[in-house]
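Okay, structure first, notes after.
Count residues from 1 along the sequence. Order of listing sets the numbers, starting from 1, for every ligand and every atom in it.
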Amino acid sequence: MGAVIIGSGKALPQLEIANDELKAVVDTNDEWIRTRTGISTRHISVGESAQELAYAASCAAMGLTGDLFPQTTSTGWCAQPIDPESIDLVLYATVSPDVVVPSCAALLKRHLNLPNAVAMDLNAACTGFIYGLTTAEAMLAASNASNGGAVRNPIKRALVVGVDRLSRLTDWDDRNTCVLFGDGAGAAVLEWDAERPGLLATYLRNDDDVKNSLTCAHAIEAPQPFTESGISAEAKADPDASLAAADEMLGIGDIVAEGGIRQVIRMDGRTIFKFASNAMADAVGEVLSRAGLALDDIDCIVPHQANERIIRFAAKKLGIPEERFQLSIADTGNTSSASVPMALADAYASGRIKPGDKVIAVAFGGGLTSGAVLFEA
Ligand code: COA
């Protein structure tokens, strides 16, 4: 028995921006971006909200012809159309929520008409979908296994979504970061199956990012009528002192004080590159050992699509051919929480993942988070 993936979908915004088009905002070129990252083009949502993308990806994963947001295109695979009433849990991984209350997951539950689901958001940066799958599997297992503990919500099917609009968090004047990112959404449906094994092992990790090598501050905007000595209506015009404290935590106090944008992604590319290649190889090794399997047993690895060179480096470290990895980065760029579920949807939709295959999904990101999930399709 176990949690089996029965549907997988993705959605991309309409607008596509090729590498050379970025010359309009920064000093860059197609050759540099392609050879250093493997990215040729990325999709940017201008009209579409993240919610619309998440809705379209979820419809594709559930085999529904959702027409609430008809302008968004999606593709996917599902074993058979999934009844919205059968979804008991929605987990929505994102670092770029459209709204804070209700949760984006609650909005998605409403738009998809999932009357029986409970819903919540989670943020584990680019590893969000792996954290989501792991959490959903744990809730499915706890709900369906009779191993004591609390009496829990009955959960038979879970919808796990990863969606981000990194374009809204990108500094479009910074060529070191802006060429890397794009927008999109991916989704998967997990079902508890009494016969099939589904997820065989999961592994999550969090290394402290003591050097602030990958950050994005949050600009909370509601005016505060408080000073350290009490409440005053005039204080609403003052800058929020707690924001300065948060800026210091991320090491961007001076930048913001000098007029720099607060809420953009800042990254030490070389440090992240090194962390990422090692973290990916380590996470693959950990899930294999937890499942008692060897690399030769694995048919396909679906990695976080941040940089093709990171994937190549990890393949070399693991001693396996690059062809074993699903590569989807060329026309998406790094889409953070959406990256793994979109690549998974590509692998399912193209027939690369077949029933019975053993697959590893693996990711890394801000936090510094990393993790992997090993499953039988
Ligand atoms: N176009 C043209 N030149 C660029 C450029 C761009 N978009 N961005 C940087 N350069 C230049 C740099 O200024 C530098 O020039 P210099 O040598 O004259 O100073 C040169 O290219 C090399 O820069 P460097 O940073 O050493 O390149 P790199 O090979 O390390 O690649 C990244 C940079 C960002 C692609 C790479 O470090 C990376 O992918 N890091 C991990 C990022 C990541 O995965 N983040 C998300 C984690 S979830």
Ligand 1 versus [X]: contacting region, heavy-atom distance under 4.0 Å:
X	answer
Ile310	side chain
Thr28	both
Arg309	side chain
Asn334	side chain

Does one side chain, of [X] or [Y], offer a donor that lies under 3.5 Å from an acceptor on the other?
X	Y	result
Asn144	Lys156	no
Ser45	Arg165	yes
Thr28	Arg175	no
Ser49	Glu52	yes

Check each atom of ligand 1 against the heavy atoms of [X] and keep those under 4.0 Å away; list them by number with element.
X	value
His304	48 (S)
Cys126	48 (S)
Val179	7 (N)

Sub-4.0 Å protein heavy atom near [atom]:
atom	answer
atom 17 (O) of ligand 1	no
atom 5 (C) of ligand 1	yes
atom 2 (C) of ligand 1	yes

Please round to the nearest 0.5 Å and tell me the distance separating atom CZ of Arg42 and atom CD1 of Ile17.
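These two atoms lie 8.0 Å from each other.
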
Gap between atom NZ of Lys358 and atom CG of Leu293 - 0.5 Å precision:
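Spacing of CG (Leu293) from NZ (Lys358) equals 6.0 Å.
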
Any idea which protein heavy atom is nearest [atom], and the distance to it?
atom	result
atom 47 (C) of ligand 1	Ile272 CG2, 3.6 Å
atom 45 (N) of ligand 1	Met267 SD, 3.0 Å
atom 10 (N) of ligand 1	Trp32 CZ2, 3.4 Å
atom 9 (C) of ligand 1	Asn176 OD1, 3.2 Å
atom 44 (O) of ligand 1	Ala306 CB, 3.4 Å
atom 13 (O) of ligand 1	Arg175 NH2, 2.9 Å
atom 41 (C) of ligand 1	Gly269 O, 3.4 Å

Would you find more than 12 non-hydrogen atoms of other residues, nucleotides or ligands less than 6.0 Å from Phe313 atom CZ?
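No, not enclosed.
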
Honestly curious: do Ile329 and Val284 fall in one hydrophobic cluster under the side-chain, below-4.5 Å linking rule?
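Both belong to a single hydrophobic cluster.
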
ILVMFWY network linking Val4 to Val302, side-chain heavy atoms under 4.5 angstrom:
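No.
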
If hydrogens are left out, which of Glu31, Arg270, Arg36 has an atom nearest to atom 26 (O) of ligand 1, that is, the closest non-hydrogen atom?
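Checking each option, the heavy atom nearest atom 26 (O) of ligand 1 is found in Arg270.
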
Taking it one step at a time, do Asn212 and Thr215 satisfy side chain to side chain donor-acceptor pair (under 3.5 Å)?
CA-CA 6 Å; Asn212 289 320; Thr215 65; 6.0 Å; no

Given Val163 and Tyr92, is the side chain to side chain contact (heavy atoms under 4.5 Å, CB included) satisfied, shown in steps?
CA-CA 7 Å; Val163 51; Tyr92 186 113; 3.2 Å; yes

Any nitrogen or oxygen of Asn307, main chain or side chain, under 3.5 Å from a nitrogen or oxygen of ligand 1?
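Checking ligand 1 against Asn307, an N or O pair does fall under 3.5 Å apart.
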
Run Ile87 and Lys109 through side chain to side chain contact (heavy atoms under 4.5 Å, CB included) and show every step you take.
CA-CA 9 Å; Ile87 301 286; Lys109 165 190 150 37; over 6 Å; no

